[in-house]
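Just so it is clear: chains get the letters A, B, ... in the order the sequence lines come, proteins before strands, and each one is counted from 1.
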There are 2 protein chains.
Amino acid sequence: MRNSLADVVAAALRVLGAQGLENCSMRRVAAELGVQPSALYHHVPDKQTLLALMADEIVAGVNLGAVSAGQAESRMDGPAAARRVCAELRAAMLAVRDGADVVSTASAFRLGSSLAEDYLAELVGRDGARTLLLYTFGHAQATQMHRHAAAFGALIGGDQVSETSGADDLDGSYVRGLDIIIAGLAVA
Amino acid sequence: MRNSLADVVAAALRVLGAQGLENCSMRRVAAELGVQPSALYHHVPDKQTLLALMADEIVAGVNLGAVSAGQAESRMDGPAAARRVCAELRAAMLAVRDGADVVSTASAFRLGSSLAEDYLAELVGRDGARTLLLYTFGHAQATQMHRHAAAFGALIGGDQVSETSGADDLDGSYVRGLDIIIAGLAVA
DNA sequence: ACCTGAACACCGTTCAAGT
DNA sequence: ACCTGAACACCGTTCAAGT
């Protein structure tokens with residue numbers, strides 16, 4: 001036994017963190033393992049599947065209700081628990097370079113049948129769950145894109161503008177949008 | 001004068017519609033124009049720029065307040081006008097194959113400075129505008145991905161399940177999520 | 001101004017063959 | 001079971017040169 005599926009996923013996450021999604025090719029993951037590109041296809045049918053496994057790993061730490069569904073958070077009301085799950089999801093994605101893109105693409109493919117959506121649906125209903133998830137994915141993607149652009153701009157532009165209006169409070173922006181949706185859920 | 005920038009963008013949109021985003025390469029766009037791939041770089045600095053121009057074209061028909069800002073929709077309240085803009089945006093993206101992906105990627109890059117976001121911000125505030133846009137983009141992407149999967153599944157699976165619960169009411173799902181956000185805006 | 005021709009440095013995936 | 005070696009059919013981009 002030389003490399004397991006878990007080794008491949010771990011190597012892929014290392015390449016992702018070090019080089020970003022656009023450079024996370026099958027060939028580079030193979031190189032990270034010291035193996036020929038074709039060897040990866042013994043563990044995984046294609047790149048899309050590998051990305052889905054990476055997405056699962058990225059969000060693996062998110063707590064989706066500890067015991068059985070809805071039971072662990074019995075002291076919290078639905079909206080409050082939903083808010084906690086979304087915040088954890090966002091943090092997990094932002095912790096990995098391009099994590100939001102990887103997770104969003106993989107989860108959009110399963111919309112309607114993901115663990116996170118099912119759990120959120122118990123808390124706030126199917127429509128509320130979808131709305132919260134799509135907002136959370138979209139905002140996380142925008143956050144990482146903005147940070148990437150800022151990091152790149154800092155290299156070439158010094159920091160002559162710093163922030164046109166100081167208005168890149170991405171965390172605050174996320175929470176305020178979340179508040180809007182949660183408030184809307186209470187009405188319906 | 002053999003080809004203009006407009007010709008290049010139009011050819012790219014033709015390839016997109018016919019072959020989808022994953023096959024919309026610079027080389028295929030060049031072939032569509034009967035030209036060498038390198039010729040495209042006379043009109044456009046890189047592929048990303050071409051995709052942004054395609055995105056602009058896809059949403060060009062969306063009415064962002066006819067006369068001056070906020071004036072044309074004086075008979076509508078803010079939330080109602082915002083709902084109309086979002087629905088038009090969604091329809092424009094869904095009208096083109098992979099349109100949601102093209103527009104989302106290009107717009108996420110400008111989040112905080114797009115025409116649509118500025119207009120929506122006048123109607124419902126910056127946080128409301130961002131929330132509505134991210135939700136609308138995300139839902140449109142999920143819609144097109146679901147349709148693509150359904151079309152592909154129909155080819156191999158016949159239609160043995162048809163719909164597990166008849167629950168692929170994507171348009172209804174979108175509107176109900178929009179209702180949640182709009183209701184939340186009214187509270188804040 | 002607009003394009004060709006040729007090249008550079010890559011991709012994902014397949015497949016026979018090895019151990 | 002896991003991997004190599006070689007190939008196939010592609011990519012985006014650059015650049016000197018043509019008209």
Side-chain angles (χ1 to χ4, degrees), chain A residues 1-56 97-98 101-102 105-106 108-109 145 148-149 152 155-156, chain B residues 1-56 97-98 101-102 105-106 108-109 145 148-149 152 155-156:
Chain A
M1 204 182 6
R2 313 215 215 160
N3 278 307
S4 67
L5 175 57
D7 293 331
V8 172
V9 175
L13 286 169
R14 258 178 274 133
V15 174
L16 181 70
Q19 326 247 38
L21 181 57
E22 86 179 350
N23 296 311
C24 192
S25 63
M26 295 298 270
R27 295 177 112 103
R28 272 156 131 116
V29 172
E32 169 76 20
L33 285 169
V35 119
Q36 294 294 322
S38 52
L40 299 182
Y41 292 87
H42 190 79
H43 302 279
V44 120
D46 51 33
K47 189 182 183 180
Q48 189 185 152
T49 302
L50 178 54
L51 285 167
L53 293 169
M54 293 161 71
D56 288 342
R97 160 120 83 132
D98 292 333
D101 276 299
V102 174
T105 305
F109 202 51
M145 188 167 300
H148 179 274
F152 191 75
L155 290 181
I156 60 171
Chain B
M1 201 179 9
R2 313 216 215 158
N3 278 307
S4 67
L5 175 58
D7 293 331
V8 172
V9 176
L13 286 169
R14 257 178 275 134
V15 174
L16 181 70
Q19 326 246 40
L21 182 56
E22 86 179 349
N23 296 312
C24 191
S25 64
M26 295 298 271
R27 296 178 112 103
R28 273 155 130 115
V29 173
E32 170 75 20
L33 286 169
V35 119
Q36 294 293 321
S38 52
L40 299 182
Y41 292 88
H42 190 78
H43 302 278
V44 120
D46 51 32
K47 188 182 183 179
Q48 189 186 152
T49 302
L50 178 54
L51 284 167
L53 293 169
M54 293 162 71
D56 289 343
R97 161 122 81 132
D98 291 335
D101 277 298
V102 174
T105 305
F109 202 50
M145 188 167 300
H148 179 273
F152 191 76
L155 290 180
I156 60 171

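In this structure, CD in B/Gln48 is found 11.0 Å from CG in B/Leu53, a value given to the nearest 0.5 Å. Note: B/Asp101 CG to B/His148 NE2 = 10.5 Å, rounded to the nearest 0.5 Å.
Here the shortest heavy-atom pairing between A/Arg28 and A/Gln19 reads NE-NE2, 4.0 Å. Considering every non-hydrogen atom in both A/Arg97 and A/Ala18, the closest pair reads NH2-O, 2.9 Å. For the pair B/Leu21 and B/Asp98, the tightest heavy-atom approach, listed with the atom from each and the gap, is N-OD2, 2.7 Å.
With a heavy-atom cut-off of 4.0 Å to chain A, the contacted part of DNA chain C has its first and last nucleotide at C/dC11 to C/dC15.
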Counting only pairs under 3.5 Å, give me each side-chain donor-acceptor contact of residues 35-42 of chain B, with atom names and distances, residues two or more places apart or in other chains.
none

Going by atom type alone, with no hydrogens or angles, which donor-acceptor pairs under 3.5 Å involve a side-chain atom of residues 7-16 of chain B and a protein atom two or more places apart or on another chain?
unit_1, atom_1, unit_2, atom_2, d
B/Asp7, OD2, B/Ser4, N, 2.8
B/Asp7, OD2, B/Ser4, OG, 3.2
B/Arg14, NH1, B/Glu32, OE2, 2.5

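Rounded to whole Å, the P atom of D/dA9 lies 22 Å from the corresponding atom of C/dC10.
Under the 4.5 Å side-chain criterion, counting only non-hydrogen atoms from C-beta, B/Met26 is in contact with B/Leu50.
If you check residues 36-51 of chain A against DNA chain C, the residues with a heavy atom closer than 4.0 Å are A/Ser38, A/Tyr41, A/Asp46, A/Lys47, listed by number. Within a heavy-atom distance below 4.0 Å of DNA chain C, the residues of residues 12-29 of chain B found are B/Arg27.
The side chain to side chain donor-acceptor pair (under 3.5 Å) test applied to B/Asp56 returns B/Arg110, not counting sequence neighbours. A/Thr105 meets the side chain to side chain contact (heavy atoms under 4.5 Å, CB included) test with no other residue; sequence neighbours excluded.
Within the structure, salt bridge (charged side-chain N to carboxylate O under 4.0 Å, His left out) pairs that include any residue of residues 34-47 of chain A do not occur (at least two apart or interchain).
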Dot-bracket notation for DNA chain C is requested: 5' to 3', Watson-Crick or G-U wobble pairs only, both distances under 3.5 Å, with ( ), [ ], | and . as defined. ||.|||||...|||||.||

